[in-house]
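In the text below, chain A, chain B and the rest are named by the order of the sequence lines, each starting its count at 1.
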Amino acid sequence: METHRDDTASKIGMWLFLLTEMLLFGGLFIVYSIYRYKNQEAFHQAAHELDVVVGTVNTAILLISSATVAMSISAIQLKNKKFALFLLGTTIVLGLVFLVNKYFEWGIKIQHHIYPGSEVMAQRGQGDILFFGLYYFMTGLHALHIIIGLVFIAVVFARIWNDKISHDNFALHENAGLYWHLVDLIWIFLFPLFYLIT
Amino acid sequence: MENEKHHIVSYSTYLLILALLLVLTVVSVAVTQINLGTLTVTIALFIAGIKSALVLAIFMHLKFDNKMYAFMAIGVVLLIGIMIFITFLDYLYR
Amino acid sequence: MSSHSSSPEPSYIEYQGKYKGIFAWILSTDHKRIGMLYLYSIMTFFIIGAVLGLLMKFELIAPGKTVMEPQTYNAFFTLHGILMIFAVVIPGLPAVFGNFLLPIMIGAKDVAFPRLNLFSWYVYVLGIILVVISQFAGEGPPDTGWTFYAPYSFRTAGNMLPAVLGAFVLGFSSILTGLNFIVTMHRMRAPGMGWFKMPLFPWTLYGTAWIQLLATPVVGVTLLMVVAERTLNIGFFDPSLGGDPILYQHLFWIYSHPAVYIMILPAMGAISEIIPTFSRKSIFGYKFMVASTLAIAFVGYFVWGHHMFTSGMSGTALYTFSILTFLVAIPSAIKVFNWISTMHKGSIDMQTPFYWAMAFIFVFMVGGFTGLVLGSLAANVHLHNTHFVVAHFHFIVFGGTGFAFFAAMHYWFPKIYGRMYDTRWANTGLILFFIGFITLYMPMFYLGYMGMPRRYYDYDEVFHGGNIISSMGAWVLIAGVAVIIINLFRSAKHGPKAVADPWGGKTLEWTVPSPPPVENFEEIPTVTKGPYDYSQD
Amino acid sequence: MYSTTGIEASNFVSSFDTAFFSVIGISILLLVGITVLMLYFVFKYNRKKNKVAEHIEGNTKLEIIWTIIPTLLALGMFYFGWAGWHPMKNPPKDGITITTIARMWNFSYLYENGKQSAELVVPVGMPVKLKLISVDVLHSVFIPAFRVKEDIIPGREKIMWFIPQKAGVYDLYCAEYCGLQHSYMSSDLRAIPQEEFDKWYTDTTALASTVDESVPGAAGFVIMKTQGCNACHSSDGSKIIGPSYLGLWGKQHIVVRDGQDVLVTVDSAYIRKSIYEPNAEIVKGYQKGLMQSYDKVISEDDISKIIDYLKTLEE
Ligand code: HEA
Ligand code: HEA
Ligand code: CUA
Ligand SMILES: [Cu+2]
């Protein structure tokens, strides 16, 4: 069967997929908003325990990485392969740095026995249990998306390297970018909801 | 089936938006460090709203693409909004 | 429209590709073969689910223990519900007839992403495998009912994880199918086929696809939370850890109410194809049919709370949901009226699919009206979680979607297999089926009204009479199903050859040979007329 | 007992009937009307009689009519449902309050004066408020004859109310699926005249007097029956959900305490702990979280009676 390329179709497809992702997190935002409403004080206090500096740094990292992906698409359109590769490489590095930060952030919390099911948690209020439960679940799911996004971008990187993606055939690149921006978008909301509602 | 025309966004636009986003991040951190009571959350979410609008419009090209995409994205945001609203009808009035 | 009655191209059935034997099917990206894969898998699970239903009816025929232990009964209705909902009626019409017919009906050679389409089927199979594992591995089958209500689903020893993950994976498959269909309809309609020249079945698939896309992720993440809660002790919905079990119900029904419209919309679409064809008449009020489809899809998102009227929501939420529930019935009303009006002044050819469509309209109304009863606050308080609800949803899920599935099966059978079935047997099957169906489920309304709770293994003597009648209905129903399935099965191999357009249908699928060639169309047709244009006849 | 004649069993019966029969009535009319119309069309416009179909595309006026009329009907149906339900949400100030404790798989009722009962005894003509408490999972109080139902949510207190209007014995079911014995989770509701109720209510000796103190363990047996222990524990050695009582006393077996296997001997201290803190030590091979604490429900005194009973089951 002859296959013809339909970039618009794959872009619509990607967008539809992003919509489902939005609803996936949308469900979590419902849970978050209800529990925050029911446990305002506890959420307020618990948020103090998260490190705003790490959060802010991670936000900045994601924003920059988002910009570099976006620019890499312009670069490929302008036939500047090297620059595109450089920008994508930067994105990947930044994404990894984000994950490393996350790893340490979680690590410290877990060292302090702040994780679901721990003794320390059991002694604290129910609001705290919910806050940290949501914290781990939502940032964890987000981190999973970062990992998927990184793999996706790595594939694009390789394909640009091999000239499979070029200025007239960059739908995949664009889609990877869209995915990465969505991950960023979600973080834009997670950040204030967990770190800033002090 | 024609494919849409591609708009090439200049690097400087992206950098400008990035700068704006970073500034907004700093602003939201700064604002929430002062205690404004319940207003804090509202402000933080408002700024997050602006940031996400920027990402959607420029980084994700909604501004330049076929309006259908913007329509879908806004529709979904509204849908989630209505869902949260209806769920709150339960919790607010219990 | 171009029409070739005989084509040199091999049909999709005979086509010899790279692979041989079964691999020619399970590795094929042809939307028609994928549709058939779904058909056979779904029929298998339908039969398994139906046998479970039958066994439950044996248990319920008398109070006390009849044939099984309570644990078995609880596991049975759980598996019955999971299979019937997630593996049969949700994929049902979209995955079988949608896959097979959508591209042909809009004049395309395939769906937008054929490989993704095949992948969806594998995801579906994976989901089923997980559900099957949940039955045999570990601590024994899950026993929570298909709703997995918290906090019982955290307490039970039953093997919840694979079952919940299975439901999650099945949802993922459903999302991918929906995504594929939307893109297909946006990008691949034949030249000249504007949105309002698209037949109604694709339209309903469009509405369905949006629900699949936007509602399924919510239940997905909810099920993930259940998994996290069971494995990691996060207290999302466990009251002893501060969680709120009602919130679980909210999230579950945010998906599962729209899901019931995933089941019924394509069913309505199929009926909307059948009635004009056999009435030789354009569908009455095409645009209103389209609008009501979209209205159901949209309003359907906001009525989920009617499953929770007694759970202790706030009064405000209760009557908001009640009023919205009544409003969502209006578009269904419009559809019924339009179907009936289509028959008015038609030239009605009484063939098997048309009989099925009539039966559908009747049972759908019974199911729909009893839905209204349940939507009424005061009535729901008494009837909630009784067999009245069980009767309502069997009438509308089995009666609605199930009848439409069989209607579609009899309508498109000649197209799919290129052969005709035996009409006499088909009609006999329908009559048995209908009688059995009514005898099986009607008494349940009465039982529920009398106060027999659902998911009851055992019951008081007062409910005995109704249950006997109901159980006997199931036997007649089996006879009907058996006649129908055996007839179709035999005819697929031995029936007389069918022509391209045996019913005089006007939509594009009738312009291609039966069974359709691999590429569907030799050349993509250019559409100039509306989908049900009988004005030339 | 279920009856629709004469005086209605509770104050909610008539509002249910209004809501139910208004919807059912309209529905049956429409159902019959539409079905007959369909059959008539099918008959009248059969291909055999009507060779050529008329070309009709639709009719906007008709569409509007059959959008508006059902909308009005539907809003009417909503109204009756709402009107019947509204009072259920607003319990009156007076009347008696009975704490209803639901657990897997029985109900027990605690009266304001401390009286405990396994059946729900209520006075006719007086508003009865049930304070609903669940100690484990979701349950639901369903009294078909009264047309009332309310789910019981662990971790939350809820109130449901009704006025019994006719003396009699009615069924009370659990209507929210709660596991293995869900269908056996029911109790009797006895509505009795006020005077009779007062007598019953003030008589706190009722339980003890029915027990023959001379039979060893009889009191313990009655307590356990009232508390519904038998839903999970058998006395004949078979495993239901919890271990059987048969041969339990004095036995040595392994329990899991803080994730470690420990060998314990079943003595009074152990039994006491099993009842007050069931999840501290889990008998190996059984599920955690099913049995809930009976702290403050069963007194120390009663526990010793239970132990007396268990002693009778030594092998
Ligand atoms: C195909 C699936 C399907 C469909 C289409 C529907 C359609 C409807 N359902 Fe149903 N429902 C289920 C599947 C479905 N349902 C299932 C599976 C459950 C149980 C889940 C569980 O707990 O396990 C359930 C449960 C359920 C409940 C909860 C019961 C309870 O647990 O207490 C309610 C309550 O409001 C309800 C209402 C409705 C209504 C109002 C409609 C309406 O959309 C119906 C609209 C149709 C008509 C009204 C008929 C046609 C109209 C006319 C001929 C015109 C005249 C109309 C008017 C005057 C308005 N349903
Ligand atoms: C599509 C959906 C669907 C279908 C078709 C059915 C079909 C049937 N169901 Fe249903 N049922 C559900 C969906 C469905 N069910 C759901 C969602 C629940 C809720 C679960 C829960 O509470 O969690 C439920 C619950 C449910 C209960 C309630 C359990 C309880 O609450 O206590 C009962 C009890 O009678 C029941 C019975 C039946 C019966 C007898 C059939 C029968 O009608 C089946 C009829 C068909 C046959 C009998 C055919 C058998 C065919 C053969 C043997 C074929 C021969 C084949 C060849 C020759 C190839 N079901
Ligand atoms: Cu308690 Cu069902
Ligand atoms: Cu519903």
Side-chain angles (χ1 to χ4, degrees), chain C residues 70-71 145 149 151-152 155-157 239 245-246 279-282 284-286 288 310-312 315 319 322-323 326 329-330 333-334 336-337 340 343-350 358 361-362 365-366 369 372-373 376-379 381-382 384-385 450-451 453 455-458 460 462 534-535, chain D residues 2 15-16 19-20 23-24 27 31 34-35 37-38 41-42 45-47 50-58 63 66-67 70-71 74 77-78 80-82 84-85 88-89 137-138 140 142 144 147-151 153-155 158 171 173 175-180 182-184 287 289-290:
Chain C
Q71 188 62 45
Y149 269 13
Y152 181 72
R155 303 278 158 103
T156 172
I246 310 281
S279 306
R280 278 289 175 286
K281 204 162 151 286
S282 168
F284 193 87
Y286 171 85
F288 290 89
T310 65
S311 71
Y319 59 73
S322 175
I323 225 172
F326 280 107
I330 308 300
I334 296 176
V336 171
F337 294 134
I340 306 285
M343 299 176 193
H344 179 60
K345 301 211 166 146
S347 167
I348 298 173
D349 189 9
M350 299 294 281
M358 285 169 64
I361 294 180
F362 179 77
M365 283 198 293
V366 176
F369 285 133
L372 294 177
V373 175
S376 162
L377 286 168
V381 168
H382 175 61
H384 172 68
N385 268 355
M450 295 285 285
R455 298 174 174 172
Y456 258 33
Y457 162 77
D458 199 355
D460 284 353
V462 260
Y534 287 92
S535 54
Chain D
Y2 193 90
S15 48
F16 166 82
F20 182 75
V23 187
I24 285 274
S27 298
L31 177 70
I34 294 172
T35 310
L37 194 66
M38 174 168 76
F41 285 167
V42 167
Y45 302 112
N46 198 297
R47 178 87 37 102
N50 200 22
K51 288 268 180 298
V52 193
E54 204 164 305
H55 184 69
I56 309 170
E57 298 258 299
E63 301 280 353
W66 64 50
T67 308
T71 309
M77 295 172 183
F78 163 75
F80 287 116
W82 179 81
W85 154 88
M88 294 185 189
K89 273 269 158 179
V137 297
L138 300 177
S140 181
F142 176 31
R147 313 289 197 274
V148 289
K149 178 181 295 120
E150 189 68 46
D151 292 6
I153 316 285
K158 285 169 58 180
D171 288 318
Y173 298 121
E176 184 61 65
Y177 179 68
C178 53
L180 186 67
H182 165 59
S183 67
Y184 295 108
Q287 176 87 5
L290 284 173

Give, for atom [atom1] of [X] and atom [atom2] of [Y], the distance between the pair rounded to the nearest 0.5 Å.
X        : Y        : atom1 : atom2 : result
C:Ser322 : D:Met77  : OG    : CE    : 11.5 Å
D:Glu63  : C:Phe284 : CD    : CZ    : 6.0 Å
D:Met38  : C:Met358 : CE    : CE    : 4.5 Å
C:Met343 : D:Phe41  : CE    : CZ    : 9.0 Å
C:Tyr152 : D:His182 : OH    : NE2   : 10.5 Å
C:Phe326 : D:Phe78  : CZ    : CZ    : 8.0 Å

_Region of D:Ile34 that comes under 4.5 Å of a non-hydrogen atom in chain C_ =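 Both parts, backbone and side chain.
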*asked:* Can you tell me which portion of D:Phe142 sits under 4.5 Å from chain C's heavy atoms? Options are side chain, backbone, both or neither.
replied: side chain
Given a strict heavy-atom distance threshold of 4.5 Å, which part of [X] is in contact with chain D: side chain, backbone, both, or neither?
X        : answer
C:Val336 : side chain
C:Pro245 : side chain
C:Tyr149 : side chain
C:Ile330 : side chain
C:Met350 : side chain

Closest approach of [X] to [Y] (non-hydrogen atoms, all atoms of both residues):
X        : Y        : answer
D:Ala19  : C:Ala378 : CB-CB, 3.8 Å
C:Ser376 : D:Val23  : CB-CG2, 4.3 Å
C:Gly451 : D:Tyr173 : O-CE1, 3.6 Å
C:Met450 : D:Pro144 : O-CB, 3.8 Å

Among the options [options], pick out the one with the most heavy-atom pairs lying under 4.5 Å from chain C.
options                      : result
D:Gly84, D:Ser27, D:Ser15    : D:Ser27
D:Val148, D:Val137, D:Thr67  : D:Val137
D:Gly155, D:Pro154, D:Ser140 : D:Pro154

Do you know which of [options] has the most heavy-atom pairs under 4.5 Å to chain D?
options                                : value
C:Pro239, C:Ser311, C:Ser347           : C:Ser347
C:Ser282, C:Pro151, C:Ser279           : C:Pro151
C:Gly315, C:Ala329, C:Ala333           : C:Gly315
C:Val366, C:Ile246, C:Ile361, C:Ile334 : C:Ile334

_side chain to side chain contact (heavy atoms under 4.5 Å, CB included), that's the test. Do D:Leu31 and C:Phe362 meet it? Break it down for me._
CA-CA 8 Å; D:Leu31 177 70; C:Phe362 179 77; 4.0 Å; yes
*Between D:Trp66 and C:Phe337, how do the two ring planes meet: parallel, tilted or perpendicular, split at 30° and 60°?*
tilted
*Hey, can you tell me if C:His344 and D:Tyr45 have their rings parallel, tilted or perpendicular (30° and 60° cut-offs)?*
perpendicular
*Sequence-distant partners of D:Arg47, salt bridge (Lys or Arg N to Asp or Glu O under 4.0 Å), two or more places apart*: C:Asp349
*salt bridge (Lys or Arg N to Asp or Glu O under 4.0 Å) with C:Asp460: which residues, sequence neighbours excluded?*
none
*Begin from the C-alpha positions of C:Tyr286 and D:Glu57 and carry the test side chain to side chain contact (heavy atoms under 4.5 Å, CB included) through to its verdict.*
CA-CA 7 Å; C:Tyr286 171 85; D:Glu57 298 258 299; over 6 Å; no
*Decide if atom CZ of D:Phe80 counts as having more than 12 heavy atoms of other residues, nucleotides or ligands within a radius under 6.0 Å.*
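Atom CZ in D:Phe80 is not packed in, count stays at 12 or less.
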*Beyond-backbone contact of D:Tyr184 with C:Asp458, side-chain heavy atoms, under 4.5 angstrom*: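 With C-beta onward as the side chain, the pair touches.
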*Using only heavy-atom distances, determine whether the side chains of D:Asp151 and C:Thr310 contain a donor-acceptor pair under 3.5 Å.*
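Yes, because at least one side-chain N or O of D:Asp151 sits under 3.5 Å from a partner of the opposite role on C:Thr310.
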